[in-house]
There are 2 protein chains.
Amino acid sequence: MKEETKQAIIEAAIFVFNEDLSAPMEKVAERADMTRRTLHRYFGERRELLSSCLQEMQKVCSIAMANALEISDNPKEQLENLLYAAIDCGVKYSFLHKIQQLHGYQHLQNETDNARYDQTFGKVRMVLQNLHKKTDGVSFITVEWMTVLFFGVLTASIEALNHKKMNFSEIKSSAWYSFKMGINL
Amino acid sequence: MKEETKQAIIEAAIFVFNEDLSAPMEKVAERADMTRRTLHRYFGERRELLSSCLQEMQKVCSIAMANALEISDNPKEQLENLLYAAIDCGVKYSFLHKIQQLHGYQHLQNETDNARYDQTFGKVRMVLQNLHKKTDGVSFITVEWMTVLFFGVLTASIEALNHKKMNFSEIKSSAWYSFKMGINL
DNA sequence: CTGATATGTCACATATTTGAGACTTTTTTA
DNA sequence: TAAAAAAGTCTCAAATATGTGACATATCAG
């Protein structure tokens, strides 16, 4: 069993399931450019694949977020780096986020997953809370709104990437500019 | 055949398919609080239901956008009203948008649908283009970015609505504040 | 109350998706 | 190049999803 192939399947599955959670395995195989039979040699059941996708996303995102936080001690710079890290994670970050919000898919989550969730998304909220305290009441923008806007700006970044009309660094600088202005920073 | 029931099915389907495009009919029936058998009396085939959802979303959104444009002649005010209208349409707007972006679902779209698409999303782009011309080059924010950010802010608004920690008017004013600051207006 | 309309229940045929066995071909690597 | 590993092909059984007929209930208007 090639680890490389396994990884390719997971990447393909993240892409496909992000667009259509109940898409047939055939679609994942297509995307990974292989037979469904091969795919099934790596992942016996559908559940297993989905679970591996979650694990992968959680791993990648939590590491990226943790690293981003370490770059600086300044909350504003931390926020900036968290945004860049989230954009780097791309669909991995947004799919993970989506799964959390989803109605009727609790069976995809266990306690460990929820702990991991905090390791990723919790960091953003924490930094936002710090920043909000410092500007003590000047802004009518709530922490709640800042949190959802963070994800909204990420969504915009991912879509901009898909259109390929902007490059990574353009997107990142626009995203950070819009976000910081949007939360009155 | 009660028109009311038919409408309820469509609303349920929009909700369910927005979360999971390939979700089984059973899930739609559950959401609409009825039997699958009843659902099938209204919509013979799955395709038919999905198609009705698209039509419904296109109808509601294009009307809302058209009305929003008529409120004012001032581009900035037009943009503000378009954003509010989009928030009012909620998932109808974002699901429609998602379908357009989706890979491998061209079969859901015909020429008429694409014309309708322009009637909705085209208006936003048009107004953004006007505004961008006026600020002639002062801002490094591109029309491309403004367009995707518009949708990003909408995503944030919808999520804020789901959490129920903010009310409609709070969300709208935050959304407009963040968007206009974000595009340097 | 009564008939009409809408919905629910059960049953069933068909279609699609899933998962795996057996064997062949291709690719890797020693 | 030859053995081992990985991937493809063909096949098929089981599970799940889809669509409909027949009949029982429920709901509602007159």
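Below, chain A is the first sequence line, B the second, and so on; all start at residue 1.
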Relative to the 5' end of DNA chain C, which residue comes earlier, B:Met1 or B:Arg36, by the nucleotide with the nearest heavy atom?
B:Met1
The nucleotide from C:dG8, D:dG21, C:dT7 with an atom nearest the side chain of B:Met34 is C:dG8
Which part of the nucleic acid, if any, lies within contact of B:Arg46, taking any heavy atom under 4.0 Å across all strands shown: a base, the sugar-phosphate backbone alone, or nothing?
sugar-phosphate
To the nearest angstrom, the CZ-P distance between B:Phe17 and D:dA17 comes to 13 Å
Measure from the side-chain heavy atoms of A:Glu45 and tell me the nearest of C:dT17, C:dT9, C:dG19.
C:dG19
Can you identify which nucleotide, out of C:dT7, C:dA20, D:dA6, has its nearest atom closest to the A:Arg37 side chain?
C:dA20
Compute the centroid of each ring, for B:Phe121 and then for B:Tyr93, and state whether the two points are separated by less than 6.0 Å.
yes
Is any NZ, NE, NH1 or NH2 atom of the basic residue among B:Asp88 and B:Lys172 found under 4.0 Å from an Asp or Glu carboxylate oxygen of the other?
yes
Select one nucleotide: of D:dA6, D:dA22, D:dT18, the one nearest the side-chain heavy atoms of B:His40.
D:dT18
Whole angstroms only, please: what is the CD-C1' distance between A:Glu3 and D:dA5?
15 Å
How many Å lie between CG on B:Leu49 and P on D:dA17, as a whole number?
16 Å
In this structure, how many angstroms lie between the C1' atom of D:dA6 and the CD atom of A:Gln7, rounded?
17 Å
Please state whether the phosphate of C:dA6, meaning OP1 or OP2, lies under 4.0 angstrom from any side-chain nitrogen or oxygen of B:Tyr42.
no
Given C:dA6, D:dG19, C:dG8, the nucleotide with the shortest approach to the side chain of B:Thr38:
C:dG8
Figure out the CG/P separation between B:Leu39 and C:dT9, and round it to whole Å.
15 Å
Nearest whole angstrom, please: distance from the C1' of D:dC28 to the CD of B:Glu4.
12 Å
Using whole Å, report how far CD of B:Glu26 lies from P of D:dT20.
16 Å
Go nucleotide by nucleotide along DNA chain D from the 5' end; which of B:Pro24 and A:Arg41 gets its closest nucleotide reached first?
A:Arg41
Contact under 4.0 Å: B:Thr5 side-chain N or O vs C:dA6 OP1/OP2
no
Whole-Å distance, B:Leu50 CG to D:dT18 C1', equals 15 Å
Checking A:Gln119 against A:Gln58: is there a side-chain donor and acceptor pair closer than 3.5 Å?
no
Quick check for you: among C:dT9, D:dG19, D:dA6, whose closest atom lies nearest to any side-chain atom of A:Lys2?
D:dA6
When you get a sec, tell me which of C:dT9, D:dG8, C:dT18 is the closest nucleotide to the side chain of A:Thr35?
D:dG8
Report the residue from B:Ser178, B:Ser173, B:Ser174, B:Ser157 that forms a side-chain hydrogen bond (donor to acceptor under 3.5 Å, both in side chains) with A:Trp145.
B:Ser178
Output yes when A:Glu144 and A:Arg125 qualify as a salt bridge under the 4.0 Å nitrogen-oxygen rule, no when they do not.
yes
